[in-house]
Number of protein chains: 4
Amino acid sequence: MAKRIPSAPEPARERSGPRRNEASRRAILTAAFALVGEVGYARLTIEGIAARAGVGKQTIYRWWPSKGAVLFDAFLALAEDGDGDPALPDTGSLEADLRLVLRATVAELVDPRYDRPMRALSAAMLNDSGLAAEYEQRLEAPMRELKRARLASARDAGELPADVDLDLAIDLLWSPLQSRWLAGGELTPAFADAVVETVLAGLRGS
Amino acid sequence: MAKRIPSAPEPARERSGPRRNEASRRAILTAAFALVGEVGYARLTIEGIAARAGVGKQTIYRWWPSKGAVLFDAFLALAEDGDGDPALPDTGSLEADLRLVLRATVAELVDPRYDRPMRALSAAMLNDSGLAAEYEQRLEAPMRELKRARLASARDAGELPADVDLDLAIDLLWSPLQSRWLAGGELTPAFADAVVETVLAGLRGS
Amino acid sequence: MAKRIPSAPEPARERSGPRRNEASRRAILTAAFALVGEVGYARLTIEGIAARAGVGKQTIYRWWPSKGAVLFDAFLALAEDGDGDPALPDTGSLEADLRLVLRATVAELVDPRYDRPMRALSAAMLNDSGLAAEYEQRLEAPMRELKRARLASARDAGELPADVDLDLAIDLLWSPLQSRWLAGGELTPAFADAVVETVLAGLRGS
Amino acid sequence: MAKRIPSAPEPARERSGPRRNEASRRAILTAAFALVGEVGYARLTIEGIAARAGVGKQTIYRWWPSKGAVLFDAFLALAEDGDGDPALPDTGSLEADLRLVLRATVAELVDPRYDRPMRALSAAMLNDSGLAAEYEQRLEAPMRELKRARLASARDAGELPADVDLDLAIDLLWSPLQSRWLAGGELTPAFADAVVETVLAGLRGS
DNA sequence: GCTTAATCGAGACGGTACGTCGTGTCTTTTC
DNA sequence: GAAAAGACACGACGTACCGTCTCGATTAAGC
């Protein structure tokens with residue numbers, strides 16, 4: 001969920017007009033992330049974020065349209081601070097690589113440090129389509145492109161049929177994890193392995 | 001989550017004490033469902049429901065612990081008003097039946113009458129684990145049992161391997177639909193067909 | 001300035017609709033009066049009054065349209081708590097009686113307990129004509145009637161000419177005190193005496 | 001109350017340091033006067049003045065300590081633009097001259113162009129004793145001196161007793177007008193005449 | 001049928017947070 | 001260096017809802 005976003009490296013706001021205070025911006029994102037982990041999305045308030053960040057409320061309202069947007073930027077900042085290697089592993093064995101990646105995804109979803117904030121962001125997006133669209137564009141689409149690239153590589157190597165539907169494949173592989181996470185069901189590495197095995201069989205044999 | 005009202009098969013009152021007004025109850029659920037469709041979950045308020053239903057706020061607080069719970073009951077009432085035939089079709093062809101059922105699911109998810117309320121309920125559950133647990137118990141588990149029964153029937157008929165993991169199969173089949181719905185992506189009957197075909201191939205060949 | 005207002009003894013709000021909390025009302029008026037004495041009108045805030053009174057802000061906004069109106073009611077309450085004798089003294093000597101009354105007025109205007117609140121109320125009325133009108137009707141007019149009655153009594157007793165302009169007389173007698181008080185000039189009993197002596201001479205000799 | 005601008009007779013700058021922009025200063029005073037006439041003192045804001053004057057807020061804060069001070073200077077500028085003849089008329093008849101002057105005062109107080117700004121300034125001074133002191137010193141005292149001079153001239157001419165209290169006389173003459181203006185009562189030339197007649201009678205006969 | 005106790009519509013209450021406005025200070029850029 | 005511009009921390013505004021708490025007025029149960 002957080003690998004490194006190549007797109008839009010610096011929105012270029014160093015122009016004359018808005019002389020934004022970078023320290024305040026970071027304090028706000030940090031406070032928002034911390035607070036949502038402590039109290040959850042429903043009890044996350046702009047006032048609370050401002051107080052924790054040592055910032056006036058107006059400074060938040062000036063730059064973000066909603067608490068969901070603040071939360072989203074907090075995620076974005078986290079993702080951009082992440083590793084600089086944006087590619088999925090490609091050892092030659094698709095099945096082995098997918099097992100690795102899906103097990104890592106499971107580990108992340110289960111990590112209590114990320115569970116609450118991610119649930120909060122999901123809740124925010126569920127009823128704010130603008131936010132959902134921005135998430136899709138800024139985080140989901142780049143990630144999907146990496147996945148597609150890995151699967152295309154496997155297809156070119158003959159591990160998958162030439163006419164395989166890559167987007168369908170991605171959905172079949174990752175959505176079961178997301179779904180179980182949302183439902184609060186048990187999410188284990190073994191489950192990830194089973195998904196990989198079954199879906200790859202289906203894709204090859206279809 | 002206390003003081004839940006009895007589910008459909010028990011229209012009588014719990015005990016002698018509370019003489020609950022059934023008309024008010026229905027008005028509240030109807031108002032909640034309508035309002036959430038109009039303004040979304042974030043702007044749904046107890047006061048708004050009470051006003052729309054022509055009811056005192058206390059009448060809501062007396063019987064439900066949160067607006068999420070009201071919403072949940074509104075769904076429950078809807079579900080109980082629905083079909084009297086709880087079983088999935090079993091024509092002998094698993095693939096044909098699943099196509100039918102998944103296409104129906106797609107149609108429902110796409111229907112604007114249900115989209116907003118369902119997103120709202122999802123948002124409510126995302127940050128209220130008690131609500132999520134009750135949803136799981138009252139709506140999800142029974143539905144899952146029906147799905148499991150149909151797949152077991154197919155397994156017994158030889159359409160699936162004897163050692164097939166039914167829960168995995170259910171997740172592989174339905175989660176891609178839910179996932180796309182959540183993400184706001186395009187959700188078509190053709191997608192449902194592709195999921196059925198590929199997953200069944202995987203299950204048979206694994 | 002505070003003698004006892006005969007008009008409107010109980011606005012009769014004991015009807016069914018608004019069940020107003022009398023304890024909160026008194027707490028608000030008390031807090032407003034105390035606070036305006038401590039910080040002045042400019043720094044008097046609704047939030048401050050609410051906090052001091054141990055009351056929600058909405059309870060103030062529900063019953064008063066502005067902080068000036070709260071202040072006005074605080075004065076009204078004070079005036080109504082005052083003595084039950086609404087008449088000005090009538091010993092037979094107009095000059096002696098006026099000296100007494102104007103000296104009392106001077107004493108009140110100079111009293112630091114009343115100076116700040118009265119300045120505050122004056123400031124509120126200066127830019128709120130509605131408030132000024134209510135002040136005129138509820139406090140000023142009744143007081144003026146008492147003054148007029150005493151002067152009429154003196155006229156009937158032959159102490160003033162038969163064609164004396166009573167309203168002019170009242171203005172000539174009391175406005176110099178108010179004027180000096182507003183300007184922050186020195187306000188002494190001797191000044192009151194001089195005003196009485198000169199104005200009475202003018203009224204008699206005109 | 002620091003950093004006051006120089007009064008009329010010294011148009012040059014105070015010292016070499018501050019190179020004050022005279023155009024901005026006038027724009028600020030004009031804007032303040034206009035705005036207070038439009039929205040009243042309570043809704044007069046520094047930001048509003050700055051915006052209307054096309055000036056940065058800091059330019060106001062640099063030279064004035066409060067919005068009341070700006071308003072006061074606006075009045076001062078107005079007064080200094082006024083007549084070059086500072087003396088009250090002296091035709092030989094005190095009564096005729098006072099009638100003239102008080103009728104002029106009435107006309108000014110009734111003029112809607114001046115009513116609002118003057119109420120605003122009064123409100124500002126009511127709760128800012130520093131401002132009141134400056135008003136007293138810069139506008140009230142000089143005016144009072146003119147009045148005293150005219151009354152002294154009358155005393156020396158035998159129109160008033162030799163031991164007349166000039167300050168008392170001034171208060172008796174002008175405060176009724178101010179008082180009625182403040183109270184919003186009717187203010188007519190006839191009232192001014194009646195005041196003059198009665199007060200002069202009192203002063204002569206005392 | 002009469003009593004009585006819980007439920008009902010209504011809405012005031014002490015609170016929390018909202019999103020906006022204005023304060024007075026500060027910094028950056030321009031003249 | 002003053003000035004226009006405007007971001008900033010702060011505090012108050014007036015509003016919306018929260019969840020709790022009275023109020024009569026139904027209203028159905030059990031006497």
Side-chain angles (χ1 to χ4, degrees), chain A residues 15-25 27 43-51 53-63 65-67, chain B residues 13 16-25 27 43-51 53-63 65-67, chain C residues 15-25 27 43-51 53-63 65-67, chain D residues 16-21 23-25 27-28 43-51 53-67:
Chain A
R15 276 166 32 261
S16 66
R19 293 179 303 278
R20 185 169 185 174
N21 184 332
E22 178 63 15
S24 292
R25 184 181 150 272
R43 283 211 269 278
L44 178 69
T45 66
I46 299 277
E47 291 206 338
I49 297 170
V55 138
K57 281 197 295 178
Q58 198 64 256
T59 301
I60 299 182
Y61 285 111
R62 187 156 26 233
W63 301 107
S66 67
K67 66 175 179 174
Chain B
R13 71 188 48 80
S16 64
R19 299 184 302 263
R20 184 166 188 179
N21 184 332
E22 177 64 14
S24 291
R25 182 182 153 270
R43 284 216 271 277
L44 179 68
T45 66
I46 298 278
E47 292 207 334
I49 297 170
V55 139
K57 283 199 297 177
Q58 197 60 257
T59 302
I60 299 182
Y61 283 111
R62 186 152 29 227
W63 301 106
S66 69
K67 67 174 177 173
Chain C
R15 277 167 33 264
S16 64
R19 293 180 302 278
R20 186 168 184 174
N21 185 332
E22 178 63 15
S24 291
R25 184 182 150 269
R43 283 211 269 278
L44 178 68
T45 65
I46 299 277
E47 290 205 337
I49 296 171
V55 139
K57 281 199 293 179
Q58 197 63 32
T59 301
I60 299 182
Y61 284 111
R62 187 154 27 228
W63 302 108
S66 67
K67 67 175 177 173
Chain D
S16 66
R19 299 187 302 261
R20 183 167 188 180
N21 185 332
S24 290
R25 182 182 153 270
I28 288 164
R43 286 214 272 276
L44 178 69
T45 66
I46 300 277
E47 292 206 335
I49 297 170
V55 138
K57 283 197 299 176
Q58 197 59 256
T59 303
I60 299 182
Y61 282 111
R62 186 152 29 228
W63 300 107
W64 290 274
S66 68
K67 67 174 179 174

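Reminder, nothing fancy here: chain letters follow the sequence lines and each chain counts from 1. Please read these numbers as outputs of a predicted model, since none were measured by experiment.
- In this model, the phosphate group of F:dA5 is not approached by any side-chain N or O of A:Arg19 to a distance below 4.0 Å at OP1 or OP2.
- For B:Lys67 and F:dA16, the NZ to P distance is 16 Å, given to the nearest whole Å.
- The side chain of C:Ser24 contributes no N or O atom lying less than 4.0 Å from OP1 or OP2 of E:dA12.
- The nearest whole Å value for the distance from the CD1 atom in D:Ile60 to the P atom in F:dA3 is 11 Å.
- What separates CD of B:Glu22 from P of E:dC8 is a distance of 11 Å, to the nearest Å.
- How far CD1 of B:Ile49 is from CD of B:Glu47: 11.0 Å, rounded to the nearest 0.5 Å.
- Proximity of B:Thr59 to the phosphate of E:dT7: no side-chain N or O atom is located under 4.0 Å from OP1 or OP2.
- Taking atom CD on B:Glu47 and atom C1' on E:dA12, their separation rounds to 12 Å, with Å as the unit.
- The minimum heavy-atom distance between A:Ala53 and A:Ala27, with the atom names listed, is CB-O, 3.5 Å.
- Nearest-nucleotide positions on DNA chain E place C:Ala53 closer to the 5' end than the other of C:Ala53 and A:Leu44.
- Mapping B:Gln58 and C:Gln58 onto DNA chain E via the closest heavy atom, the residue that lands nearer the 5' end is B:Gln58.
- Atom CZ of D:Arg43 has 12 or fewer heavy atoms from other residues, nucleotides or ligands within 6.0 Å.
- For B:Thr45 and A:Asn21, each mapped to the nucleotide of DNA chain F holding its nearest heavy atom, the one lying further toward the 5' end belongs to A:Asn21.
- Distance, C:Arg20 CZ to E:dG14 P: 11 Å, rounded to whole Å.
- What separates CD1 of A:Ile46 from P of F:dA16 is a distance of 19 Å, to the nearest Å.
- For the pair B:Tyr61 OH and E:dC8 C1', the interatomic distance rounds to 17 Å; values are reported in whole Å.
- Counting heavy atoms from C-beta outward, B:Arg20 and B:Trp63 have side chains that approach closer than 4.5 Å.
- Contact annotation: D:Trp63 side-chain N/O to F:dA3 OP1/OP2 distance is under 4.0 Å.
- Among all heavy-atom pairs drawn from B:Ile60 and B:Ala50, the shortest one is CD1-N, 3.8 Å.
- Applying the 3.5 Å distance criterion, the base of E:dG15 shares no donor-acceptor pair with the side chain of C:Lys57.
- Summarising the geometry, the separation between CZ on B:Arg25 and C1' on E:dC8 is reported as 17 Å, rounded to the nearest angstrom.
- Among the heavy atoms of the strands, none lies under 4.0 Å from C:Gly48.
- Between C:Arg62 and E:dC13 there is a side-chain polar atom (N or O) within less than 4.0 angstrom of OP1 or OP2.
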